[in-house]
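Note that these values count all heavy atoms, side chains included, but never hydrogens, waters or copies made by symmetry.
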Amino acid sequence: MVEYQLLRAHSLDELLEILDQRENVQLLAGGTDLMVDLHHQDQKFDKIDYLLDITAVDELKGIQLGDKKGEIGALTTHAELVSNPEIKEKLPFIAAAASSIGSTQIRNRATIGGNLANAAACADSFSPLIALGAEVVLRSKGGARRVLLEDFVEWPYQTIIKPDEVLEKIVFAMPQGEYYSSYQKIGRRKALSISRISLTLLAEVENGRVKKAQVASGAATPFPVPFRKVNDYLNGKSFAEIDPIEAGNIAADEMVGITGERWSTPYKRPALGKLVERAVEDLLEEAGYNG
């Protein structure tokens, strides 16, 4: 049986003080993964002395979207991302990713910070935020540091968060000018689906040409990454020069270059290629290009 002392923080200062003064502390936010693992007495919790409930820390909550910059507090729930009018209008791919997570009950509890900090390869929050070029703010009593989200995960379920740090918020530059996006996902089943592959395409365009494209995937690789080769293929091209099938093939080859040939490659390679193909088709259709 996992034994621990339950603590609760009511402010960010109190939270950071506890992390500074105590060791072997496990944070509890939404708890949708953590409580299941605790119930099953997962061995990774053998060294936990304290379970720290941070759900009352208001400084870790909220969504702020400006003209140039945006930020999302780590304790923002997926339900809040789905229902927030500004997210739906300005960053619909984030709302789409959040709406695909679990059930209504799970989305009401699960937080975006918890989804990132858990660092599962299938976590749906990564691809839209990596496509945005987002950074995470990691705060300790000694100060804060900002880390690119694509550098945040070292391996599945392993991040660079230090024991005295908390993921405070996610920050990013807002897309500028004319831009289009597409979120794609393949799950194991239609209901309460856990991702087998998810993908986000975000493209800023100007005068019928892709000015800046970002394609990022989750679950296709051991940890979420941007697909730089397909980004390079799309960047600078006019709509007429873009072949969705070619873009999909480039992404599929890039994935295999990252992962190597694995037992899942015969499934994932064509699946990822098709998701990229669909995302690029969405881009061209939304931009009004009909070939």
Side-chain angles (χ1 to χ4, degrees), residues 33 78 82 91-103 106-107 110 115-116 118-132 134 149-150 152-153 155-157 180-203 210 213-235 237 242-287 291:
D33 289 316
H78 297 294
V82 172
L91 304 171
F93 52 100
I94 289 182
S99 68
S100 75
I101 293 174
S103 63
I106 292 294
R107 290 191 292 272
N115 195 236
L116 299 177
N118 190 48
C122 60
D124 293 282
S125 300
F126 276 99
S127 75
L129 293 173
I130 288 177
L132 266 176
L149 184 57
E150 63 185 76
F152 177 63
V153 180
W155 201 247
Y157 303 103
Y180 301 94
S181 66
S182 178
Y183 177 77
Q184 302 283 333
K185 175 177 175 176
I186 296 176
R188 294 182 185 274
R189 55 188 183 273
K190 292 183 178 180
L192 311 186
S193 179
I194 296 174
S195 290
R196 297 199 74 175
I197 301 179
S198 61
L199 179 110
T200 300
L201 165 63
L202 175 63
V210 176
Q214 291 281 6
V215 176
S217 178
T221 51
F223 45 87
V225 294
F227 280 79
R228 292 184 171 85
K229 290 183 180 179
V230 73
N231 292 343
D232 290 342
Y233 168 76
L234 294 170
N235 285 336
K237 280 188 170 57
I242 295 173
D243 180 354
I245 295 176
E246 184 177 0
N249 289 335
I250 291 171
D253 289 343
E254 186 171 4
M255 180 200 71
V256 176
I258 294 169
T259 65
E261 292 284 346
R262 307 175 67 186
W263 66 268
S264 59
T265 301
Y267 162 75
K268 285 191 173 181
R269 185 174 192 154
L272 177 68
K274 180 57 69 172
L275 288 188
V276 172
E277 180 184 337
R278 290 175 182 171
V280 173
E281 289 173 345
D282 284 351
L283 161 65
L284 298 177
E285 181 179 351
E286 288 182 24

In terms of heavy-atom contacts, Asp124 and Pro128 come closest through O-CD, 3.4 Å
Evaluate whether atom NZ of Lys229 has more than 12 neighbouring non-hydrogen atoms of other residues, nucleotides or ligands under 6.0 angstrom away. no
Within a strict 4.5 Å, meaning less than it, do heavy atoms of the Val225 and Ile130 side chains meet? no
All side-chain hydrogen bond (donor to acceptor under 3.5 Å, both in side chains) counterparts of Ser127, not counting sequence neighbours: Thr200
Judged by atom type as modelled, is there a donor-acceptor pair below 3.5 Å linking the side chain of Tyr233 to the main-chain atoms of Asp243? yes
More than 12 heavy atoms of other residues, nucleotides or ligands under 6.0 Å from NZ of Lys268: yes or no? yes
Heavy atoms only: give me the nearest Ala213-Asn235 pair and the separation to one decimal. N-OD1, 2.6 Å
Check whether any side-chain N or O of Glu286 sits under 3.5 Å from a backbone N or O of Tyr180 as a donor-acceptor pair, and report yes or no. no
Give a yes or no on whether the backbone of Leu201 and the side-chain of Ser181 come within a donor-acceptor separation of less than 3.5 Å. no
Salt bridge Glu281-Arg278, side-chain N to carboxylate O under 4.0 Å: no
Would you name the heavy atoms of Val215 and Asn231 that are closest together and state the gap between them? N-OD1, 2.7 Å
Given 3.5 Å as the limit, does a donor-acceptor pair link the side chain of Asn115 with the main chain of Ser125, or not? yes
Can you find a pair of side-chain heavy atoms, one from Ser182 and one from Leu283, that are under 4.5 Å apart? no
Step by step, would you call Tyr183 with Leu199 a side-chain contact (heavy atoms from CB on, under 4.5 Å)? CA-CA 6 Å; Tyr183 177 77; Leu199 179 110; over 6 Å; no
All side-chain hydrogen bond (donor to acceptor under 3.5 Å, both in side chains) counterparts of Asp253, not counting sequence neighbours: Arg269
Heavy-atom nearest pair, Gln184 first then Asp282, reads NE2-OD2, 3.0 Å
Expected output: side-chain Gln214 to main-chain Leu132 donor-acceptor under 3.5 Å: no
Do Leu234 and Ile242 have side chains that approach each other closer than 4.5 Å (heavy atoms only, starting at C-beta)? yes
Would you say the side chain of Leu149 lies within less than 4.5 Å of the side chain of Phe126, judging by non-hydrogen atoms? yes
Ignoring hydrogens, what is the shortest heavy-atom contact between Ile186 and Tyr267? Give both atom names and the distance. CG2-OH, 3.1 Å
On a heavy-atom basis, which atom in Thr259 and which in Pro222 lie closest, and how many Å separate them? CG2-CD, 3.8 Å
